[in-house]
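Structure, as structure tokens:
For ligands, and for the atoms within them, numbers begin at 1 and follow the listed sequence. Predicted model, so just to flag it, every value in this text is computed and none were measured.
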Amino acid sequence: MKSSRTYPQRREAHRSVRPTEALEEDCCGECCSCSCCSRRAVCVSTLVLTGLALTATGVAVALFFGIPKQPPVSRECRTHQNGSGFLCDDRVTCLPPSLLCDGVHNCPSGADESRHMCSDLPNNLPSNLVFRCGNSHFWIFVDKKCNQINDCGDCSDEMGIYADCPPCGSQWWTCTPVEFQYCLCVPRSLCKDGRQNCYDWSDEYLCSGD
Ligand SMILES: [Ca+2]
Ligand SMILES: [Ca+2]
């Protein structure tokens with residue numbers, strides 16, 4: 001006779017899965033790197049907080065070391081003497097042109113001594129910083145123009161329509177100098193020093209040192 005005895009079925013086969021347990025299993029599958037691996041919200045929060053921490057660290061480092069600045073689009077600026085100057089990469093420092101390519105780093109970044117600019121003078125210089133002398137083979141930086149000194153060698157940087165210099169200042173005596181280094185005037189400090197500096201001797205007989 002065939003037995004009609006029935007055996008109790010395994011409880012696990014009929015066990016219903018609660019929603020929270022399903023979420024935990026799903027979370028473990030997607031966020032296996034989470035140590036707790038308990039809830040999806042914990043995983044997401046951890047990732048967001050990590051991202052915010054990395055961003056804050058980057059901002060702090062940039063503020064501490066300084067945010068890198070791009071070279072200025074234009075190098076034109078005015079010096080403290082109201083002359084044409086060269087603007088450094090910091091966009092603050094304005095150098096007199098004669099400090100360019102002199103072998104000394106005057107810009108914080110060294111832009112005044114850049115290999116490209118200094119490799120072909122004056123062609124690679126900003127054109128507004130160059131003065132062409134009467135002899136086209138010679139040139140000077142514009143801050144050497146109208147400084148009472150014969151930098152061009154023919155006084156074209158101190159005299160003539162291209163230089164367009166103002167009269168000699170109060171610290172200078174107007175005359176025709178005997179020395180090659182001057183053009184239209186001599187320093188008043190040379191007046192009545194017992195030595196001829198002007199062709200007409202006015203520096204010894206008319207000029208006063210103050
Ligand atoms: Ca320099
Ligand atoms: Ca000069």
Side-chain angles (χ1 to χ4, degrees), residues 66 68-191 193 195-204 206-207 209-210:
K69 295 179 179 178
Q70 296 296 320
V73 175
S74 171
R75 294 287 188 181
E76 292 188 13
C77 61
R78 304 300 293 180
T79 64
H80 291 301
Q81 293 74 34
N82 197 30
S84 297
F86 178 86
L87 186 61
C88 297
D89 291 343
D90 62 3
R91 308 190 186 201
V92 174
T93 308
C94 185
L95 296 181
S98 55
L99 294 181
L100 302 180
C101 304
D102 64 350
V104 178
H105 284 201
N106 300 100
C107 285
S109 67
D112 56 310
E113 303 296 323
S114 77
R115 181 178 300 177
H116 169 72
M117 182 173 68
C118 301
S119 63
D120 186 10
L121 298 176
N123 298 322
N124 289 350
L125 291 170
S127 60
N128 66 313
L129 303 184
V130 176
F131 176 81
R132 297 283 182 178
C133 297
N135 183 333
S136 59
H137 292 98
F138 297 99
W139 64 275
I140 60 172
F141 288 108
V142 291
D143 57 336
K144 296 296 184 183
K145 182 173 76 73
C146 302
N147 66 349
Q148 318 300 351
I149 304 298
N150 181 16
D151 293 288
C152 277
D154 59 1
C155 282
S156 57
D157 55 317
E158 303 297 323
M159 304 167 62
I161 57 174
Y162 294 111
D164 193 25
C165 296
C168 301
S170 60
Q171 300 300 311
W172 298 80
W173 174 252
T174 303
C175 70
T176 301
V178 297
E179 285 130 331
F180 175 78
Q181 63 177 317
Y182 303 119
C183 295
L184 285 170
C185 39
V186 296
R188 282 187 178 271
S189 59
L190 300 180
C191 292
D193 64 348
R195 179 171 172 268
Q196 180 190 14
N197 298 100
C198 299
Y199 277 111
D200 61 4
W201 288 85
S202 61
D203 59 300
E204 293 300 308
L206 298 176
C207 174
D210 51 358

Discussion item. Looking at Gln171, I'd like to know if its CD atom is crowded, meaning that more than 12 non-hydrogen atoms belonging to other residues, nucleotides or ligands lie closer than 6.0 Å.
Written reply: no

Response to the item:
The number of protein N, O or S atoms lying under 3.0 Å from the Ca ion (ligand 1) is 6

Practice prompt. Using only the SG atoms, decide whether Cys94 and Cys88 are less than 2.5 Å apart.
Written response: no

Worksheet item: Can you check whether Cys175 and Cys185 have SGs under 2.5 Å apart?
Response: no

Worksheet item: For the side chain of Asp203 and the backbone of Asn197, is there at least one donor-acceptor N/O pair under 3.5 Å apart?
Response: yes

Worksheet entry | Residues Asn147 and Asp143: side-chain donor-acceptor under 3.5 angstrom | no

Discussion item. Closer than 3.0 Å to the Ca ion (ligand 2): how many protein N, O or S atoms are there?
Written reply: 6

Worksheet entry | N-O pairing of Arg188 and Asp193 below 4.0 Å | no

Discussion item. I'd like to know if Arg195 pairs up with Glu179 as an ion pair, taking the criterion as any Lys NZ or Arg NE/NH1/NH2 lying under 4.0 Å from an Asp or Glu carboxylate oxygen.
Written reply: yes

Worksheet item: So, the side chain of Gln196 versus the backbone of Trp201: is there a donor-acceptor pair under 3.5 Å, distance only?
Response: no

Worksheet item: Are Cys207 and Cys198 within a span of less than 2.5 Å, counting SG to SG?
Response: no

